[in-house]
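Every heavy atom of this structure was used, including side-chain atoms; hydrogens, water molecules and symmetry mates were not. Just so it is clear: chains get the letters A, B, ... in the order the sequence lines come, proteins before strands, and each one is counted from 1.
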Protein chains: 2
Amino acid sequence: MSDQHALQQFIDFLQAEGKNITRERLDIFNEVLHQKSHFQIKDIIQKKSNSKHRISRATVYRTIKTIEEAGLIKYIRTINDEKIYETVKEHHDHMICEVCGKIMEFYDRDLEDLQNIICNSYHFTPVRHTMKIFGICEGCQKKK
Amino acid sequence: MSDQHALQQFIDFLQAEGKNITRERLDIFNEVLHQKSHFQIKDIIQKKSNSKHRISRATVYRTIKTIEEAGLIKYIRTINDEKIYETVKEHHDHMICEVCGKIMEFYDRDLEDLQNIICNSYHFTPVRHTMKIFGICEGCQKKK
DNA sequence: CAAATAATTGAGATTGTGTCTCAATTATTT
DNA sequence: AAATAATTGAGACACAATCTCAATTATTTG
Ligand SMILES: [Mn+2]
Ligand SMILES: [Mn+2]
Ligand SMILES: [Zn+2]
Ligand SMILES: [Zn+2]
C-alpha cells in the first residue's frame with residue numbers, strides 16, 4: 001500500500017467522521033508514514049515539537065488516537081511495557097527478542113486456521129487476536 | 001495446587017532471595033490467593049489500606065512485584081489496557097470477550113507445537129509467549 | 001462577503017500508575 | 001544488649017495520557 005493510498009484512507013476517514021482536514025492532522029500522519037516500521041509516540045512528539053510548524057503534545061496524542069481509530073496503525077507492547085506502533089498491513093504476529101529488542105513479524109496460515117478451529121470448539125467468535133513470542137533471535141544466539 | 005502449597009512456594013522464594021518473611025508480605029500474598037481468578041492491583045491496595053493491619057500502597061506494589069518475580073502471578077492486558085493479574089498455573093492462552101469482558105483460559109497442544117515449529121523455521125528460540133483472542137463469548141452471542 | 005457558529009489547537013493542569021527517597025520501625029546478627 | 005541490616009510508610013517524583021478552556025482557525029449561513 002503506497003503512502004499516497006494510505007493518506008487517502010486517512011482523509012476518507014476524517015471526512016466520514018465529519019472531522020476537518022487540518023494541517024496538523026496531515027502533518028502528523030505524514031510523520032507516521034516516514035517513521036521506521038516500529039515507532040513510539042514520543043518520537044513523533046519530539047519531531048513535531050521542534051519542526052518548523054510545531055505541533056503540541058496534546059494534538060499529537062489526539063491525532064495518533066484518530067489514526068488508530070481509522071485502523072491505520074496499532075500498537076504492541078514490548079518487554080518493558082512500552083507502546084510500539086506500527087502501520088497496519090496484512091495481519092501478522094510477532095517474535096520479540098528478549099536480548100536486543102528486535103521485533104520480527106510473521107504470518108502462518110496454519111496457525112491462524114488452527115486458532116479459528118479452537119475458537120469454534122469453545123463457541124467463541126473471534127474478532128481479532130494478538131500473539132507475541134518472546135525469545136532469542138538468531139543474531140543474539142550466535143553472539144553468545 | 002493448594003493455597004498452602006502456593007504459600008510455601010512464596011516463602012521458599014523469599015528465603016532463597018534472602019528476603020525476610022514479614023507480616024506485610026504474607027498478608028498481601030494471602031490477599032492475592034483470596035482474590036477472584038483475575039484481579040487488579042488496585043483491588044489489593046483498596047483491601048489493604050482499609051484492613052485491620054493496613055499496608056501502604058508502596059508495599060503492595062513492591063510485594064506484587066516480588067510475587068511476580070517468584071513466578072506465582074503474572075498479568076495480561078485487557079481491551080482497555082488495564083493490567084489484570086492471575087495466579088500462574090499451567091501455561092494457557094486467553095479468549096477475551098469484547099462485550100462483557102469475560103476472560104476464558106484455554107490450552108491447545110497442537111497450537112503450542114505449531115508455534116515451536118514456526119519459531120524453528122525462523123531460527124528463533126522461543127522462551128515464552130502470550131496469545132489473546134478477542135471476540136464474542138457464547139453468552140453474549142445468544143443475548144444479542 | 002461578513003457575521004455567526006462550530007471545530008481544532010496549544011498550554012498547562014490533572015489523573016493514574018508505578019517508582020523512589022528517606023526517616024522511622026522492625027528483624028537479624030554479633 | 002548493641003550493632004547492623006532489611007523493611008516499611010508517607011509523600012515526592014516521573015511518566016504517559018487525558019482534560020480544560022481560552023484563543024485561533026475553519027465552515028456554514030444569510
Ligand atoms: Mn495471528
Ligand atoms: Mn500458548
Ligand atoms: Zn536479538
Ligand atoms: Zn461476553
Would you list the atom pairs, donor with acceptor, under 3.5 Å between side chains in residues 73-81 of chain B and any protein atom, with sequence neighbours excluded?
unit_1: Tyr75(B); atom_1: OH; unit_2: Asp81(A); atom_2: OD1; d: 3.0
unit_1: Tyr75(B); atom_1: OH; unit_2: Asp81(A); atom_2: OD2; d: 3.2
unit_1: Arg77(B); atom_1: NH1; unit_2: Asp81(B); atom_2: O; d: 2.7
unit_1: Arg77(B); atom_1: NH2; unit_2: Asp81(A); atom_2: OD2; d: 2.5
unit_1: Thr78(B); atom_1: OG1; unit_2: Glu82(B); atom_2: N; d: 3.2
unit_1: Asn80(B); atom_1: ND2; unit_2: Glu82(B); atom_2: OE1; d: 3.1
unit_1: Asp81(B); atom_1: OD1; unit_2: Tyr75(A); atom_2: OH; d: 3.0
unit_1: Asp81(B); atom_1: OD2; unit_2: Tyr75(A); atom_2: OH; d: 3.0
unit_1: Asp81(B); atom_1: OD2; unit_2: Arg77(A); atom_2: NH2; d: 2.4

Original post:
Any idea how His129(A) and His91(A) line up, ring-wise: parallel (<30°), tilted (30 to 60°), or perpendicular (>60°)?
Top reply: perpendicular
Original post:
Whole Å only: how far is the NZ atom of Lys42(B) from the C1' atom of dT15(C)?
Top reply: 13 Å
**OP:** Classify the ring geometry between Phe29(A) and Phe10(A) as parallel (under 30°), tilted (30 to 60°) or perpendicular (over 60°).
**Re:** parallel
Original post:
Does Gln35(B) reach the main-chain N or O of Asp43(B) with its side chain, forming a donor-acceptor pair under 3.5 Å?
Top reply: no
Original post:
Mind checking whether His38(A) and His94(A) have parallel, tilted or perpendicular rings, split at 30° and 60°?
Top reply: perpendicular
**OP:** Determine, step by step, whether Lys142(A) and Glu138(A) satisfy the salt bridge (charged side-chain N to carboxylate O under 4.0 Å, His left out) criterion, reporting the C-alpha distance in whole Å, the side-chain angles of both residues, the deciding distance to 0.1 Å, and the verdict.
**Re:** CA-CA 6 Å; Lys142(A) 284 183 178 154; Glu138(A) 190 171 12; 3.5 Å; yes
Original post:
Which residue, Val60(A) or Thr22(B), contacts DNA chain C at a nucleotide closer to its 5' end, judged by nearest heavy atom?
Top reply: Val60(A)
Subject >> Ile45(B) CD1 to dG18(C) C1', straight-line distance once rounded to whole Å >> reply: 9 Å
**OP:** Salt-bridge test for Lys48(A) and Asp27(A): reply yes if a basic N is under 4.0 Å from a carboxylate O, no otherwise.
**Re:** yes
Subject >> Integer-rounded Å distance: dG12(C) C1' and Arg57(A) CZ >> reply: 9 Å
Subject >> Where Tyr122(A) and Met95(B) come nearest, the two heavy atoms and their spacing >> reply: CD1-CE, 3.6 Å
Original post:
OP1 or OP2 of dG18(C) less than 4.0 angstrom from a side-chain nitrogen or oxygen of Tyr61(B), does that happen here?
Top reply: yes
Original post:
What are the 5'-most and 3'-most nucleotides of DNA chain D lying under 4.0 Å from any heavy atom of chain A?
Top reply: dA16(D) to dT27(D)
Original post:
How far does CZ of Arg62(B) sit from CD1 of Ile55(B), to the nearest 0.5 angstrom?
Top reply: 11.5 Å
**OP:** Find the distance Arg62(A):CZ to dA11(C):P and express it as a whole number of Å.
**Re:** 11 Å
Original post:
Want to settle it: does Lys19(B) or Arg54(B) sit nearer the 5' end of DNA chain D, counting the closest nucleotide to each?
Top reply: Lys19(B)
Original post:
Within this structure, what is the CG-to-C1' distance between Asp81(B) and dT17(C), rounded to whole angstrom?
Top reply: 12 Å
Original post:
Stems in DNA chain C: runs of 3 or more consecutive Watson-Crick or G-U pairs, distances under 3.5 Å?
Top reply: C:1-30 with D:1-30
Original post:
To the nearest angstrom, how far is Asn20(B) atom CG from dT28(C) atom P?
Top reply: 5 Å
Original post:
What's the CG-P distance between Asn80(B) and dG16(C), to the nearest Å?
Top reply: 14 Å
